[in-house]
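Here the structure is laid out as C-alpha cells; the discussion comes afterwards.
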Amino acid sequence: MNLDFSPEDLAFRDEVRAFIAENYPAGLRDKQEEGEEMAKEDFLSWHRVLAKKGWVAPAWPEKFGGPGWTSVQRYIWSEETARADCVPILPFGINMVGPVIYTFGTPEQKERFLPATLSGDIWWSQGYSEPGAGSDLASLKTKAERFTGDDGKEYYLVNGQKTWTTMAQHGDWIFCLVRTDPNAKIQEGISFLLIDMKSPGVTVRPIITLGGEHEVNEVWLENVKVPVENRIYEENKGWTCAKFLLAHERSGIAGVARSKRGIERIRQIASTELSDDGDSLIKDPMFKRKVAELEIDLTALEYTELRTLAGEASGKGPGPESSVLKIKGTEIQQRITELVLEAAGHYGAPYFRGFPTDGDNAHPIGPDFAHRAAPTYFNVRKTSIYGGSNEIQRNIIAKMVLGL
Amino acid sequence: MDFNFTEEQSMVRDSVASFLQDKYDFDTRRKIVSSDAGWRADYWKAFAEELGILGASFSEELGGLGGGAIDNMIIMEEFGKALVIEPYLGTVVIGGGFMKHSGYAGAASVIEGIVGGSATIAFAYAEPQARYTWQDLKTTAKKDGSGWVLNGHKAVVIGAPFATHLIVTARTGGAQRDAGGVGVFIIDKSLPGVVTRDYPTVDGNRASEVYFENVSIPADALISESGLALVEQVMDEAIAAVGAEAVGVLRKLHEGTLDYAKQRKQFGTSIANFQVLQHRMVDMFIEVEQSVSMTYMATIKVGESAAERAKAVSAMKVRIGRACKFVGQNAIQIHGGMGMTDELAIGHYFKRATMIEGLFGSVDHHLKRYESLSFDAAA
C-alpha cells in the first residue's frame, strides 16, 4: 500500500494549480465572492476555457476529446478546482450523456454531438424524472410512437412530461427516457432519445424551490416530432443506457473535494464570528466538536472514495459501492450547510434575492456569508433525494452488496 | 395531575382555530407574505375586537380576560399550525410580558393599546456581535437632562416593520458584557433618529436592522435602568411561547407527511408501506409528542423561581430545536422532490421550524445554559 502522490502527480498538481490561477475568469470569481446568482454565460465561461485547453472532460477517453488522465490525476483535478472554488462544470453533457453517446452512439451521432458537448455549444438537459415516478425511474410514462413522416422518413411522436429538469431554462437539447413499447415488462420497452428543445411542442416551466431559486423545471412534451436517428442504441433497450448513465452519475456524487473546501470555509467563518461568551466561535467547545466530527467523517468518506478509485484503476467499474459514497457524501454536504447556518446566528434569518446591500449601500446586513446560509441549507436538502434517494441507495446496498 | 384546559381556554383555542381555518389558509398566507405590507392589519384588528385574543393573557385589572402563559401557549400553537405572520409574540408575549413584570408606570396605558389592537411592539435586543447573550450591548442610553439619548444598532428585529413601538435594551452603565446596567426602554418607533432598514426573512416574516442615531427619549420611556433579570424572565416566557408555536408547526409537518406517504405510490405501492419510512414517521411522532410534553412543562414552570424557570425553558428549547431539525428534515425527505418546491406548504413549515431552531438561542446555547444551571450551581 502506498497512498503518496508520485513526483509526476505532484508536478501535475502544480501545473493544474498554476493553470487555474492564471485562467479562471476574474469576473466569475467576483460574482461568486459576492454570492450572486450565476447566469448561463457564467457557467459557460469557465467551461469554454477548459474546452480550449482540452481539460473539460477529465473522464473521457482521449480519442473522443478527453485529456487522457489517470484516475489519480482526475482526483487531483477535482481537489484543485474545489480548492480554488471554481464554478462546477455542469454534469449533464460531460458526465452523463457524453459517455452514453461515445459508448452506445453511432459514428454519425458521435461526430454530431460530442464536439459540440465539449465546446459548450450544446447545453444538455436531463429528461429522466417524471411526476409521480421519483426514484422509481422505470415507471416512466412518456410515450414515443413511431410513424413515417410526409417526407418518408421515420420519426417518433413523443408525448409526456418530465420534471426536476435542472437548468432546462437554458437547454438546447434534452436526453430523455421514453416508452416505446407499452406492452413490454417495466424496464424493457424504454428507449433513449435526444430531443432538440427548439422542436415544436417542447415547453419549459419553472419550479421555484425552497431557497427561492429557479434551478429546476417541468418539461412538457406535446406531439414532439423526433427523427429516429436521434435515438441512442437499440429501440426498447434504453434501460441499458440509463443504468450506465446512473453509475456515472453516482460516481461523482460524493463531492469530497467540495466538502473539504466547505469545512475550510466553516473554519474561516467561525474564526471571525463570535460565540456567546464573546470569544471566536471556533473556540466554542460544542461548535468545535461538530466541525471535528465532520472532518473525521469526511476523512472516512475520502479514503473510501480512494479505495473505489483504486479499484476502478485496476479495472473494476463503479459498482453498487458507489451508493456508499452517495449516502455519506450527501449527508456530509448537508451537515456543512447546517453548521454554516448555525454560525450565522440571527443573521441566518434575513432573506435577499440578490446581495444584501441592494438599493442601500449605507448599511450592509450581517456578515457576507450569512445571507446565503439558509437558502443553501434548504437547497441542499435535495442531495439526499436526487440521483436515487438515500433510502433507495440503502436498498441497493442491501440487495446488491449484502444479498438481502 | 391535570393536563386539561379550562372551558375558557378551550373556547379561545376553538375560536382562534376556526378563524384561521376560514381566513388563514395556505394561499391566503402566501398572499399576505408577498404583499407590500407583509401582514394583515385588518386581521390584527379582528384579533382584538372579534376574537378578543390580544387580551387573553392579561389579568382583568389590566383590561384582559384573566389568563396567562397557558393562553399564550394555546394561541401560539394555533398560530404555528397556520404559520401566522402577525406579531403576537412580539406584541403580546414580549411587550405584554415587560408591562406585566416591570412595575412600569406607563404599563396600564400600553396594555390598553395592546389589548385594543392599536399598539404593536417589536423587541430590539439582539446586536451583531452578541449572538444570544442578551447583556452583550454596544447600544448605549446616556442621561440627558431628565431623559436619555440612545445610540446603537440592533440586529434582525423581527416584526419591526409592523411595530408602532420598540422595546429596546441599551447600556445605561457598566461594560459591554456586564450583567448590571442593562437598561430597558419603550419608545415610539417614529421618533426622530430611529432609522430602520426593513427586509423579509427566509420564513416569510419581516424584520429590520434598527439604528439609533442620537435619539432623544423622554424619562418616562424607561422601563428599568438595570433590568437583565426582567429581560430573562420575559425572554423565558417568549421561548415557552415559541415552543408552543413549534408544536403547531411540528404537528403539521408530521400530519402532512403521513398524508403524503399514504397517497404517494412508488414501485406499485403506497410509500407508507415501506418499513424504513414507517419507522421514520414513528420517530417523528415521538419527537412531536415529546415537544408537546416539554412545552407544557416549560409553560407551567415559567412562574417559578428564576433558576427553575430558566432550566425548564432551556430544556424545552433543546428538545424543540432537535425536533424541529429531525421532523423538518424528514418531512422534506419523505416528500421527495415535491418537498423541495415552494408550491407545497410543507416546505414553508420546514422553513419556520428551521428559524425557530435558532430563535432566542440555538440548541447549543440552551444546552450550555442548562448545564450551567444544573451542574455548576450544585457544585
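Every chain is numbered from 1, with letters handed out A, B, ... down the list of sequences.
In this structure, chain A has a heavy atom under 4.5 Å from the side chain of B/Leu277, while its backbone stays farther away. Neither the backbone nor the side chain of A/Ser139 comes within contact range of chain B; no heavy atoms are under 4.5 Å apart. For B/Tyr211, the part sitting under 4.5 Å from any heavy atom of chain A is the side chain, from C-beta outward, and nothing else. For B/Lys368, the parts lying under 4.5 angstrom from a heavy atom of chain A are both the backbone and the side chain. Looking at B/His335, neither its backbone nor its side chain comes within 4.5 Å of chain A, counting heavy atoms on both sides.
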inquiry  = What verdict does the side chain to side chain contact (heavy atoms under 4.5 Å, CB included) test give for B/Arg206 and A/Tyr351, after you've listed the backbone C-alpha separation in whole Å, the side-chain angles of each residue and the deciding distance to 0.1 Å?
reply    = CA-CA 9 Å; B/Arg206 300 286 166 101; A/Tyr351 176 67; over 6 Å; no

task = Could you check A/Trp164 against B/Thr341 for side chain to side chain contact (heavy atoms under 4.5 Å, CB included), going step by step and ending with a plain yes or no?
result = CA-CA 10 Å; A/Trp164 315 125; B/Thr341 62; 3.5 Å; yes

message = Between B/Val202 and A/Tyr377, is the side chain to side chain contact (heavy atoms under 4.5 Å, CB included) condition met? List the steps.
response = CA-CA 11 Å; B/Val202 291; A/Tyr377 168 73; over 6 Å; no

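When each of A/Asn390, A/Leu341, A/Leu281 is checked for heavy-atom pairs under 4.5 Å with chain B, A/Leu281 comes out on top. For the set B/Arg280, B/Met338, B/Glu357, B/Glu209, the count of heavy-atom pairs under 4.5 angstrom toward chain A peaks at B/Glu209. When the candidates B/Ala130, B/Gly328, B/Gly336, B/Gly204 are compared by the number of heavy-atom contacts under 4.5 Å with chain A, B/Gly336 comes out ahead. For chain B, the option among A/Gly345, A/Ala374, A/Ser384, A/Pro375 with the highest count of heavy-atom pairs below 4.5 Å is A/Ser384. Here B/Pro200 is the residue among B/Pro200, B/Gly339, B/Ala207, B/Gly347 with the most heavy-atom pairs under 4.5 Å with chain A.
Considering every non-hydrogen atom in both B/Met340 and A/Lys382, the closest pair reads SD-N, 3.6 Å. When all heavy atoms of B/Asp364 and A/Lys290 are compared, the pair lying nearest together is OD2-NZ, 2.8 Å. Contact detail for A/Ala349 and B/Val156: the closest heavy-atom pair is CB-CG1, 4.0 Å. Considering every non-hydrogen atom in both A/Ile365 and B/Tyr199, the closest pair reads CD1-CE2, 3.8 Å. Here the shortest heavy-atom pairing between A/Gly348 and B/Met355 reads O-CE, 4.0 Å.
Under a 3.5 Å cut-off, the side chain of B/Gln266 and the backbone N or O of A/Ala133 do form a donor-acceptor pair. Side-chain atoms of B/Asp342 do not come within 3.5 Å of backbone N or O of A/Leu210 as any donor-acceptor pair. With A/His346 contributing its side chain and B/Ala155 its backbone, the two residues share no donor-acceptor pair below 3.5 Å. Judged by distance alone, with hydrogens and angles left aside, the side-chain atoms of B/Arg131 form a donor-acceptor pair with the main-chain N or O of A/Ala343 at under 3.5 Å. A side-chain donor-acceptor contact under 3.5 Å links B/Arg177 to the backbone of A/Asp277. In this structure, the side chain of B/Arg264 engages the main chain of A/Gly132 through a donor-acceptor pair within 3.5 Å.
For the pair A/Glu338 and B/Gln329, the minimum side-chain heavy-atom distance is below 4.5 Å. Taking 4.5 Å as the limit, some side-chain heavy atom of B/Pro128 sits within range of a side-chain heavy atom of A/Tyr347. A/Ile186 has its side chain out of reach of B/Phe267: every pair of non-hydrogen atoms, C-beta onward, lies at least 4.5 Å apart. Side-chain contact check for B/Glu343 versus A/Ile208: every heavy-atom pair is 4.5 Å or farther apart. Annotation: side chain of A/Glu391 is in contact with side chain of B/Gln333 (closest heavy-atom distance under 4.5 Å). A heavy-atom distance below 4.5 Å is found between the side chains of A/Phe378 and B/Thr354.
More than 12 non-hydrogen atoms from other residues, nucleotides or ligands lie less than 6.0 angstrom from NZ of B/Lys325. Summarising the local packing, CE of A/Met400 is surrounded by 12 or fewer heavy atoms from other residues, nucleotides or ligands at distances under 6.0 Å. Dense packing is recorded around CD of B/Gln263, with more than 12 heavy atoms of other residues, nucleotides or ligands lying under 6.0 Å away.
Rounded to the nearest 0.5 Å, atoms CG (A/Asp136) and OG1 (B/Thr269) are 11.0 Å apart. Of the inter-residue distances, the one linking B/Ser362 atom OG with A/Asp276 atom CG reads 6.5 Å to the nearest 0.5 angstrom.
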